[in-house]
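Worksheet: one structure, shown below.
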Protein chains: 2
Amino acid sequence: MTQITSEQGLLIGEISRRTGVNIETIRYYERIEVMPKPKRSEGGQRLYNESQLNRLGFIKRSRELGFSLKEICNLLTLVDSGEMTCSEVHDLTVEHLRDVRHKIADLRKLERALKNLAAQCSLGDVSDCPIVETLYGLS
Amino acid sequence: MTQITSEQGLLIGEISRRTGVNIETIRYYERIEVMPKPKRSEGGQRLYNESQLNRLGFIKRSRELGFSLKEICNLLTLVDSGEMTCSEVHDLTVEHLRDVRHKIADLRKLERALKNLAAQCSLGDVSDCPIVETLYGLS
DNA sequence: CTTGCACCTGTAGCTGCTACAGGTTTTATT
DNA sequence: AATAAAACCTGTAGCAGCTACAGGTGCAAG
């Protein structure tokens, strides 16, 4: 039970386990300055506090919602500086929602196209495949 | 009217224009061997024929349908070798269709989550933002 | 006091492009 | 025939968002 070192802070493995974010990814976040540099133990190991843990959780959830690291970064910078209005965050969310809906619409078009394509030949003929022909535009 | 050089073949700019694939991308496709090396003019410029043009079109349309270059590569290799069955292509398409549907389902979950998030605060309060709180998990 | 795990740094790889820099070839204009 | 401008060439580096090493330390337990 190495992980907790509770007086000093949380080791990277522990916050990885708790947030579900890969250790390598956490170090990557630090490098690109989405996560702050944590303090270190005498031996040089990263020691995180609760607030850093929360921040990582925030990033994780935001990523799962499809926000880019850049967007998350902007958001966090706003939050950090206290210069953020709730309505700004709201707008960002709505904007992102629009993107997501757009993506869905695209994928549904794609779905229809693929369905049609597949329907054209479910019977496995030999080498004059309608799918290939359609894609090749030779028809 | 440089582009056609019709006896020799089509210049890269011309097939780019006709297929809508970026010139840099065409050269990239050649490098990663999705497109074959075309013959060259005396001065070293790439000269394409109709079949290469069609192949590029195929790649373009397949990419638009969300197939990865690897998948397209596999497909083309099969087609090239004549060892392809229509049913194999069909299966590949159906498999891809499944992926697309999965992606759609994910995005719809995401859409719901974002909608809820946005609904929580449309009124722009100041600094205790429910979105941020939700994401931060501090609530 | 050694085993063994968790940590460290730094670098390279992945996908699918795009964007240079710095040079040549071809075409068009003078 | 000279020159300007467009289109081509090669090679390399960059983008997102990680992941995967290699090769080395820290640290606790047996």
Side-chain angles (χ1 to χ4, degrees), chain A residues 1-35 37-48 52 56 58-74 76 96 99 103, chain B residues 1-35 37-48 56 58-76 96 99 103:
Chain A
M1 308 300 121
T2 305
Q3 287 116 324
I4 295 187
T5 333
S6 53
E7 261 161 299
Q8 309 267 15
L10 303 155
L11 290 177
I12 199 168
E14 180 63 15
I15 68 160
S16 168
R17 206 187 51 68
R18 288 210 208 169
T19 57
V21 177
N22 195 315
I23 290 179
E24 319 262 40
T25 306
I26 298 171
R27 289 198 279 249
Y28 167 70
Y29 285 165
E30 183 181 328
R31 208 164 60 242
I32 64 167
E33 300 186 320
V34 173
M35 282 293 287
K37 286 178 202 271
K39 63 175 188 184
R40 301 286 186 127
S41 72
E42 285 183 30
Q45 291 178 304
R46 288 170 178 82
L47 296 171
Y48 294 93
Q52 290 162 341
L56 187 56
F58 176 92
I59 296 167
K60 175 86 187 308
R61 281 182 287 275
S62 305
R63 286 290 301 135
E64 281 169 358
L65 292 177
F67 289 93
S68 72
L69 282 174
K70 197 159 207 167
E71 287 172 317
I72 296 167
C73 221
N74 291 343
L76 283 170
H96 185 58
D99 289 355
K103 246 183 234 169
Chain B
M1 308 300 123
T2 305
Q3 288 117 321
I4 296 188
T5 333
S6 52
E7 262 162 299
Q8 311 266 14
L10 304 154
L11 290 176
I12 198 168
E14 179 62 16
I15 68 160
S16 167
R17 205 187 50 69
R18 289 211 208 167
T19 57
V21 178
N22 195 315
I23 289 179
E24 319 262 40
T25 306
I26 298 171
R27 290 198 278 249
Y28 167 71
Y29 285 166
E30 183 181 329
R31 209 166 59 241
I32 64 167
E33 301 186 319
V34 173
M35 282 293 285
K37 286 178 204 270
K39 62 174 190 181
R40 300 288 185 125
S41 73
E42 284 183 29
Q45 292 180 304
R46 289 170 177 82
L47 296 170
Y48 294 93
L56 187 56
F58 176 93
I59 296 168
K60 174 88 186 307
R61 281 182 287 276
S62 304
R63 287 289 302 136
E64 281 169 358
L65 292 177
F67 288 92
S68 72
L69 282 175
K70 197 161 206 164
E71 287 171 317
I72 296 167
C73 220
N74 292 343
L75 239 170
L76 284 170
H96 185 58
D99 288 355
K103 243 181 236 170

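The structure presented is a predicted model; accordingly, all values stated were derived computationally and were not measured.
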Presence of [X] side-chain N/O under 4.0 Å of [N] phosphate oxygens OP1/OP2:
X       : N      : value
A:Arg46 : D:dG26 : no
A:Thr25 : D:dT19 : yes
A:Arg31 : C:dT11 : no
B:Ser41 : C:dT26 : yes
B:Tyr29 : C:dC17 : yes
B:Arg40 : D:dT10 : yes

### Task
With the side chain of A:Asn22 defined as its heavy atoms from C-beta on, choose the nearest nucleotide among D:dC27, C:dG16, D:dT19.
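Closest nucleotide among those given: D:dT19.
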#### Entry: Per A:Arg63 side chain, nearest of listed nucleotides D:dG26, D:dC8, D:dC18
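In terms of side-chain proximity for A:Arg63, the closest of D:dG26, D:dC8, D:dC18 is D:dC18.
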### Task
Let me see the working for A:Val21 and A:Tyr29 under side chain to side chain contact (heavy atoms under 4.5 Å, CB included), right down to the final yes or no.
CA-CA 10 Å; A:Val21 177; A:Tyr29 285 165; 4.2 Å; yes
How would you label the contact of [X] with the nucleic acid (heavy atoms, under 4.0 Å): base, sugar-phosphate, or nothing?
X       : value
A:Ile23 : sugar-phosphate
A:Ile32 : nothing
B:Glu24 : base
A:Arg27 : base

